[in-house]
Amino acid sequence: MLLVLSEEHKEHLSFLPQVDAAVVGEFGRIALEFLRRGTSPKIYEGAARKLGVPVEMVQHGVEGLMFLMTESSKHMISEVDFLDSVLVLGFSEELNQILLQLYLQHHVHIRSILSQLPSNVPAYHNLEWRLDVQLASRAVRQQVVPMLMLRLLLSGVGDGVCARRGKVLQTDPSTLLHIISTLEAALAAMKTSHARRIFRNIK
């Protein structure tokens, strides 16, 4: 899977080639700290004074780096996909490798932090299923009509309270097999070189 970076995120990250590797690493440390404890204008101001650049430029650089690291960690993208994702930024190979090492070094910690943050987006909790088979009806005395009953349990946060809710779905085996094969084909297509070229050129 490749990340699709908006023009705004690209603009925020465009500041990174203007600083050396140590500063990029420091920006990564600041981004992780902000992810844990929230932003601090004083840190932006201190970094801006040292670099002799506007505060907004430092803030955008850190926020862009934070987005890149959190989205990559959230989707657990591979090393190859990460490098392909940042290729559209036009950075040097050295800077790309620095960003990759930041991601590889911190992605487990970032996922741990993200898992503790409240979210309003429902998340998978459990799936219960039952197979029902109709063997006869008033019109047809002998028949076999299998149906799958699915109960999808979702967890989420609403009004600050953790809650779970269920969705009941029904399908027949042939439709379920078709859905599975379609999703598997889509996942396989995402890994092809053709799909990578398309993602790299999405604006």
**Prompt:** Below 4.5 Å, heavy atoms only, C-beta onward: do Val145 and Asp172 meet side chain to side chain?
**Reply:** no
**Item:** Expected output: side-chain Arg130 to main-chain Met149 donor-acceptor under 3.5 Å
**Value:** no
**Request:** Test side-chain contact (heavy atoms from CB on, under 4.5 Å) on His60 and Glu11 and set out the steps.
**Result:** CA-CA 8 Å; His60 289 165; Glu11 183 180 351; over 6 Å; no
**Asked** Are Val55 and Val62 grouped together when hydrophobic residues (ILVMFWY) are joined by side-chain heavy atoms under 4.5 angstrom apart?
**Response** yes
**Prompt:** Side chains of Leu83 and Gln97: does their closest heavy-atom pair fall under 4.5 Å?
**Reply:** yes
**Request:** Calculate, to the nearest 0.5 Å, the distance between atoms OG1 and CG belonging to Thr182 and Leu177 respectively.
**Result:** 10.5 Å
**Request:** Flag the pair Leu99 / Phe91 as yes when at least one side-chain heavy-atom distance between them is below 4.5 Å, and no otherwise.
**Result:** yes
**Item:** Pro146 versus Pro173, closest heavy-atom pair with distance
**Value:** O-CD, 3.5 Å
**Asked** Are side-chain heavy atoms of Ile77 and Tyr103 found at a separation under 4.5 Å?
**Response** yes
**Asked** Tell me, do Phe82 and Asn96 make a side-chain contact under 4.5 Å, heavy atoms counted?
**Response** no
**Exam field: side chain Ser181 to backbone His178, donor-acceptor pair closer than 3.5 Å** = yes
**Asked** Once you round to the nearest 0.5 Å, how far does CD of Glu79 lie from CG of Leu100?
**Response** 5.0 Å
**Prompt:** Does one hydrophobic cluster hold both Leu154 and Trp129, with members joined at side-chain heavy-atom distances below 4.5 Å?
**Reply:** yes
**Asked** Minimum heavy-atom separation for Ser73 to Arg111, with atom names?
**Response** O-NH1, 3.0 Å
**Message:** Check whether Thr192 reaches the backbone of Ala189 with its side chain - one donor and one acceptor, N or O, closer than 3.5 Å.
**Reply:** yes
**Message:** Rounded to the nearest 0.5 Å, what separates atom CZ in Arg165 from atom CG in Leu153?
**Reply:** 11.0 Å
**Request:** Could you state whether Val168 and Leu148 fall into the same hydrophobic cluster, counting links through intermediate Ile, Leu, Val, Met, Phe, Trp or Tyr residues with side-chain heavy atoms under 4.5 angstrom apart?
**Result:** no
**Asked** Could you state the interatomic distance from CD (Gln101) to CD1 (Ile98), rounded to the nearest 0.5 Å?
**Response** 9.5 Å
**Asked** Quick one: do Glu71 and Lys74 make a salt bridge, cutoff under 4.0 Å?
**Response** yes
**Distance, nearest 0.5 Å, that separates CD of Glu184 from CD1 of Ile179** = 12.0 Å
**Message:** Tell me whether Leu150 shares a hydrophobic cluster with Tyr124, the cluster being built from Ile, Leu, Val, Met, Phe, Trp, Tyr side chains joined at under 4.5 Å.
**Reply:** yes
**Separation between CG of Asp81 and CE of Met76, rounded to the nearest 0.5 Å** = 12.5 Å
**Asked** So do the side chains of Leu169 and Thr171 get within less than 4.5 Å of each other, counting heavy atoms only?
**Response** no
**Message:** Quick check on the hydrophobic clustering: are Leu127 and Leu131 connected, directly or via other members, by side-chain heavy-atom contacts under 4.5 Å?
**Reply:** yes
